[in-house]
Amino acid sequence: MTEPVRPQIHLHDTLTGAKTPLETLEPGRCGVYCCGPTVYGLTHLGNLRAAVVPDVMVRFLRQQGLDVKYVRNITDIDDKIIKRSAEEGMPAQDLADKYAEEYHRDLADMNMLEPDVEPRVSGHLAEIVDLVGRLVNKGLAYAVDGDVYYRVKEFASYGKLSKRTLEEMLEGAGSRIEVDERKETPLDFALWKAAKPGEPAWESPWGPGRPGWHIECSAMSSTHLGQTFDIHTGGRDLIFPHHENEIAQSQGAHGDGTFARYWVHNGFINFDGEKMSKSLGNFFTTREITALYDPETVRYFLLTVHYRSGLNFELEVPCPACGAVLLKAAQEAGRCPACGAEHDDEALKRSVRFPGLEEAEDRLAYVYGTLAQARTFLDSAKRPGADEPPLEHTAGLLESFTGHMANDFNTGGALGALSKPLNEVNGLLAGGKGVSKPVRWATLSSFAADMGQVASILGCFDQEPAAWLARRRDAKAKRIGLDTGRVDELLVARRAARQAKDWGEADRLRDELTTLGVAVQDGPQGSTWDFL
RNA sequence: GGCGGCAUAGCCAAGAGGCUAAGGCGACGGUCUGCAAAACCGUUAUCCCCGGUUCGAGUCCGGGUGCCGCCUCCA
């Protein structure tokens, strides 16, 4: 294994809009706060991306030797939860607990680290009330009829994160949202909301009520990371108003220069170029995707693009009856123009294909296949007496990979850096003429060891290769409706034909396999197969 | 309307002012193979347009054009 590589880490900070060197508050330590989900439904791909970005960041920072404290909250008191609980006839807290559990399940499937602390709003009412009181005492907030609002115009730098001024925002406000007459300024936002009859409520100096949407993150981050900490992450859409308001609350209470030192925001997920959005109804839950694809495939796919960019999911919707690709209009009409069959959204969602995920899965299979072969070689070959350095690309793998990761967690570039070593190793495994045994051994063992490092940073490629390949085969066979028993029969028959050198019959059997969607691979150790 | 972001090959996508502009998919040619497949090797871009700064710009600045997002719940 190569020596650890420790380049200077740079990250893009939303506040300054620039890439800057990461200098933590305390040398060697790093506090990370991730805005977790409001738990009122199953997680969707957007939640996944918002989770995998800090996940890889934390993994990398730790691999670089930093002592990271990773805090990711769960918002379990919220208007949307209350609304949903009324719809489902389930107490709000039970509903929140249920979906928090589902969230954990999805993230565990995705091989996400558990945070060191996962605070919930319901466990931090005292801290929240305390913080609101502090803002009221400082004149930064005012109470009206049991509500408490933040006095936005008293916070001089309001708008600095979203790069807007108060004036600009006031111009737009009012035209789009109903203005609450009791607020001093339309932009003032709720820190505390008085309870209406039947709503969950907690006691406070302003009467029974619940926290507003933004205050919980200010309270929980300072509780678990201190008034000032290093990195705050979340989706781009949280910049305004959520994070802007967090800054106003936290710095209002604790002073300028406190709170998050770096802001990291991930881009959106799009479907066919359109923003995934609950209100547009074009969102997929994690479960809907993992019913079709391996979670690691999804994780890998999320990492193929830089986290700040948008990530597009191409969709292909075949007619469940005849397989004809349905265009948007046909999808919406719920009727196949080719065969006339009618389908509801659920049926279409079950048959949908994601070309991007399929490509990701194939790539993963390539990497695992390489890893499996390298493993087989190392297990069977004897370690040579002489020590030689590995081949060039493999020798440089970790340095190149780490360099990309240190450059604002560029997973796309980092993944690209694996290609040359992968080619080199496969070349060796396929023949490697002219390469001495010691060099071959050194290269393969260096590759295997360094890929272990890569795997621990990405949270990909870290499964047993043979097992992963077997599971992928089963899952894909199921997805495309392949009868693997039939494949095995044909393979046996073909082996006999090949042994008899009956090439005509062997080719006929191969054609039959091809129509099933199977590609045969003949090798020295017999024939294997893969998907076309 | 205000503000922000993006524009790199057929498609996707890295490029933190300076060697021949990563990588993936696809396509084409080759090695291997009974023929294939897989794997490997090779080919496939001067970076939306115009102007500027600089010894030097895909990278910085200004002006266009075109997409996208935020300004309302959203990851």
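Every chain is numbered from 1, with letters handed out A, B, ... down the list of sequences.
- Taking atom NE2 of residue His242(A) and atom P of nucleotide C73(B), one finds them 12 Å apart after rounding to whole Å.
- Across all strands shown, A21(B) forms no Watson-Crick or G-U wobble pair with both key distances under 3.5 Å.
- We find the CZ-CG distance between Arg84(A) and Asp78(A) to be 12.0 Å, quoted to the nearest 0.5 Å.
- Between Trp263(A) and His243(A), the two ring planes are tilted [angle within 30° to 60°].
- Side-chain to base pairing of Arg510(A) with A36(B): one donor and one acceptor N or O lie within less than 3.5 Å of each other.
- In this structure, U53(B) forms no base pair with any nucleotide, since neither Watson-Crick nor G-U wobble geometry is met with both distances under 3.5 Å.
- Partner of Asn245(A) under the side chain to side chain donor-acceptor pair (under 3.5 Å) criterion, out of Tyr150(A), Trp213(A), Tyr158(A): Tyr158(A) alone.
- Across all strands shown, nothing is found opposite U33(B) as a Watson-Crick or G-U wobble partner with both distances under 3.5 Å.
- Counting to the nearest Å, the C1' atom of A36(B) and the CG atom of Asp507(A) are 8 Å from each other.
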Starting from the C-alpha separation in whole Å, work towards a yes-or-no answer on side-chain contact (heavy atoms from CB on, under 4.5 Å) for Val367(A) and Leu418(A).
CA-CA 9 Å; Val367(A) 174; Leu418(A) 302 179; 5.8 Å; no
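- Protein atom CZ of Arg508(A) is 21 Å distant from nucleotide atom P of C35(B), rounded to whole Å.
- Taking only distance into account, the side chain of Asn410(A) never meets the base of G15(B) through a donor-acceptor pair shorter than 3.5 Å.
- Pairing partner, G1(B): C71(B), with both Watson-Crick or wobble hydrogen-bond distances short of 3.5 Å.
- Across all strands shown, C6(B) is found opposite G66(B) as a Watson-Crick or G-U wobble partner, with both distances under 3.5 Å.
- Closest to the Tyr366(A) side chain, of the nucleotides A39(B), G4(B), A75(B), is A39(B).
- One N or O donor and one acceptor, one from the side chain of Asp522(A) and one from the base of C35(B), sit under 3.5 Å apart.
- Here the separation of G24(B) from G4(B), taken at their C1' atoms, is 30 Å to the nearest Å.
- Between the CE atom of Met405(A) and the P atom of A14(B) there is a distance of 14 Å, given to the nearest Å.
- If you check A16(B) for Watson-Crick or wobble pairing at under 3.5 angstrom, you find it has no partner at all.
- Distance, Leu45(A) CG to C74(B) P: 19 Å, rounded to whole Å.
- Protein atom CG of Asn270(A) is 14 Å distant from nucleotide atom C1' of C70(B), rounded to whole Å.
- Side-chain atoms of Asn426(A) and Thr370(A) form a donor-acceptor pair, as typed in the model, at a separation below 3.5 Å.
- Applying the Watson-Crick and G-U wobble criteria (two distances, each under 3.5 Å), U43(B) pairs with A27(B).
- Residue contacts shown for Lys420(A) are limited to sugar-phosphate atoms, with no base heavy atom under 4.0 Å away.
- Pairing for G58(B) is absent, with no Watson-Crick or G-U wobble pair whose two atom distances lie under 3.5 Å.
- Side-chain atoms of Arg494(A) lie closest to G34(B) of the nucleotides C40(B), G34(B), C74(B).
- Checking Asp522(A) against Ser527(A) by side-chain atom types alone, a donor-acceptor pair falls below 3.5 Å.
- Here Gly267(A) lies in heavy-atom contact (under 4.0 Å) with a base.
- Taking atom CZ of Arg164(A) as the reference point, atom C1' of G4(B) lies 8 Å away to the nearest angstrom.
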